[in-house]
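Quick notes on the structure that follows.
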Protein chains: 2
Amino acid sequence: MKSEIEVFRKFIRNKGLRKTPEREQVVRAVFAIHDHFDVDELYALLRRENEKISKATIYRTIPLLLESGLIQEAYFEDGHLHYEHIYGHDHHCHLRCLDCGKVIEFTEETVKDVEGKVGERYDFLVTGHKLEVYGHCGKCRVHK
Amino acid sequence: MKSEIEVFRKFIRNKGLRKTPEREQVVRAVFAIHDHFDVDELYALLRRENEKISKATIYRTIPLLLESGLIQEAYFEDGHLHYEHIYGHDHHCHLRCLDCGKVIEFTEETVKDVEGKVGERYDFLVTGHKLEVYGHCGKCRVHK
DNA sequence: CTACTGTTGCGACTCATTCTCAATAAGGAT
DNA sequence: ATCCTTATTGAGAATGAGTCGCAACAGTAG
Ligand SMILES: [Mn+2]
Ligand SMILES: [Mn+2]
Ligand SMILES: [Zn+2]
Ligand SMILES: [Zn+2]
């Protein structure tokens, strides 16, 4: 299996774009975070490592990471988007506590079947899905 | 079954809030739109009807509609949230074309089972879910 | 190495949403 | 019905995520 940076370089080459150190630093940082992240967290990490990269470049790189399949939007919260790297990881869904905001990742194979059924029913070539389940975690239920 | 305005009034009363014509106009407008909508569309509808209501009040009313279960966030797109009224409607999921943006609503009972399984597995009291399936619609596949 | 052109950083800008605050109006009490 | 307290409203200012314009810079083809 190719590394994420190899995948990214091939993607960049295929699109006729240029290989730049800034873009590759973003790729590296994205795969150094093993959690959901937003642009500010990504920016903070890069700054902490003394990488001189502007927020604009991060914003410009994110669509490339999405299109190349290295990351995906995880959810929209607190007024902005959150992402997660997905290359090299199995698909998972999210279970969120409406009280404390905790997010648990889970896998559930039956959701995959829905893709096929729905795709056929409406003549769609289905490429993926996003499932979020909401509720109240055990800890938060105790507190009330 | 109670009407949406009755549900809303009860909710308002239970929270110790005040019944205002502005809030009730928003409720009415939300249930006059039988489609996904955003704040601007809601505002435009109210203005078209010569309701003098400010956008700030709409923004302030939306959390109340969410909490009372009359509406839900449908999806985030074009830099802002879209909503839909759900009171009095069966739960449905969304199938979206990544090319043209078309959104199809569908129902799929097997997703309900996932709620139960996951809730038990992680000790959550599950209250709902949001499933979006992505792909390319038949029309868009022809065009390329 | 050169030329061409895509990319970067910076700050200005846009636009959705929130906040501030003075005026208004619910709604409980009398 | 009137008063009083305080939540709510409208208007506009403020915030903040994300985008854009532009001049300096740097890949890459030849
Ligand atoms: Mn995740
Ligand atoms: Mn819908
Ligand atoms: Zn919780
Ligand atoms: Zn389409």
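Protein chains get the first letters and strands the later ones, always in sequence-line order, with residue 1 at the start of each. Note that these values count all heavy atoms, side chains included, but never hydrogens, waters or copies made by symmetry. Being a predicted model, the structure only gives us computed values, none of them experimental.
B/Lys55 comes within 4.0 angstrom of no nucleic acid atom, judged by non-hydrogen atoms across all strands. A/Lys19 comes within 4.0 angstrom of the backbone, heavy atoms only, and of no base.
Comparing B/Val39 and B/Ile12 by the nucleotide of DNA chain C whose heavy atom lies nearest to each, the residue mapping closer to the 5' end is B/Val39. Sequence order on DNA chain D of the closest nucleotides to B/Ala56 and B/Arg18 puts B/Arg18 first from the 5' end.
The side chain of A/Tyr59 contributes no N or O atom lying less than 4.0 Å from OP1 or OP2 of D/dT19. Listed pair B/Ser54 / D/dT9 fails the phosphate criterion, with no side-chain N or O lying under 4.0 Å from OP1 or OP2. Note on A/Thr20: every side-chain N or O is 4.0 Å or more away from OP1 and OP2 of D/dG27. One finds a side-chain N or O of B/Arg23 lying less than 4.0 angstrom from the OP1 or OP2 phosphate oxygen of D/dT8.
With 3.5 Å as the limit, one finds no donor-acceptor pair spanning the side chains of A/His91 and A/Gln72. The closest side-chain donor-acceptor pair between B/His94 and B/Glu132, if any, does not fall under 3.5 angstrom.
When each of D/dG10, D/dG21, D/dG18 is scored by its nearest atom to the side-chain atoms of A/Arg60, the top-ranked nucleotide is D/dG21.
Put simply, CD on A/Glu22 is 12 Å from C1' on C/dG6, counting in whole angstrom units. In this entry the distance linking CD of A/Glu51 with P of C/dG9 reads 11 Å, nearest Å. The nearest whole Å value for the distance from the CG atom in A/Leu46 to the P atom in C/dT8 is 13 Å. Taking atom CD1 of residue B/Ile58 and atom P of nucleotide C/dC15, one finds them 19 Å apart after rounding to whole Å. In this structure, B/Glu73 atom CD and C/dA16 atom C1' are separated by 14 Å, rounded to whole Å. Nucleotide C/dC15 holds its C1' atom 14 Å from the CG atom of B/Leu81, rounded to whole Å. Taking atom CD1 of B/Ile53 as the reference point, atom P of D/dA11 lies 11 Å away to the nearest angstrom. Nucleotide C/dT8 holds its P atom 9 Å from the CG atom of A/Leu64, rounded to whole Å.
Remark: the backbone N or O of B/Asp38 is paired with a side-chain donor or acceptor of B/Glu41 at under 3.5 angstrom.
On a pure distance criterion of 3.5 Å, no polar donor-acceptor pair joins the side chain of B/Arg13 and the base of C/dG27.
Residue pairs meeting the side chain to side chain donor-acceptor pair (under 3.5 Å) criterion with at least one partner in residues 13-22 of chain A, sequence neighbours excluded, are A/Lys15-A/Glu67.
With hydrophobic clusters built from ILVMFWY side chains whose heavy atoms lie under 4.5 angstrom apart, A/Phe106 shares a cluster with A/Val114.
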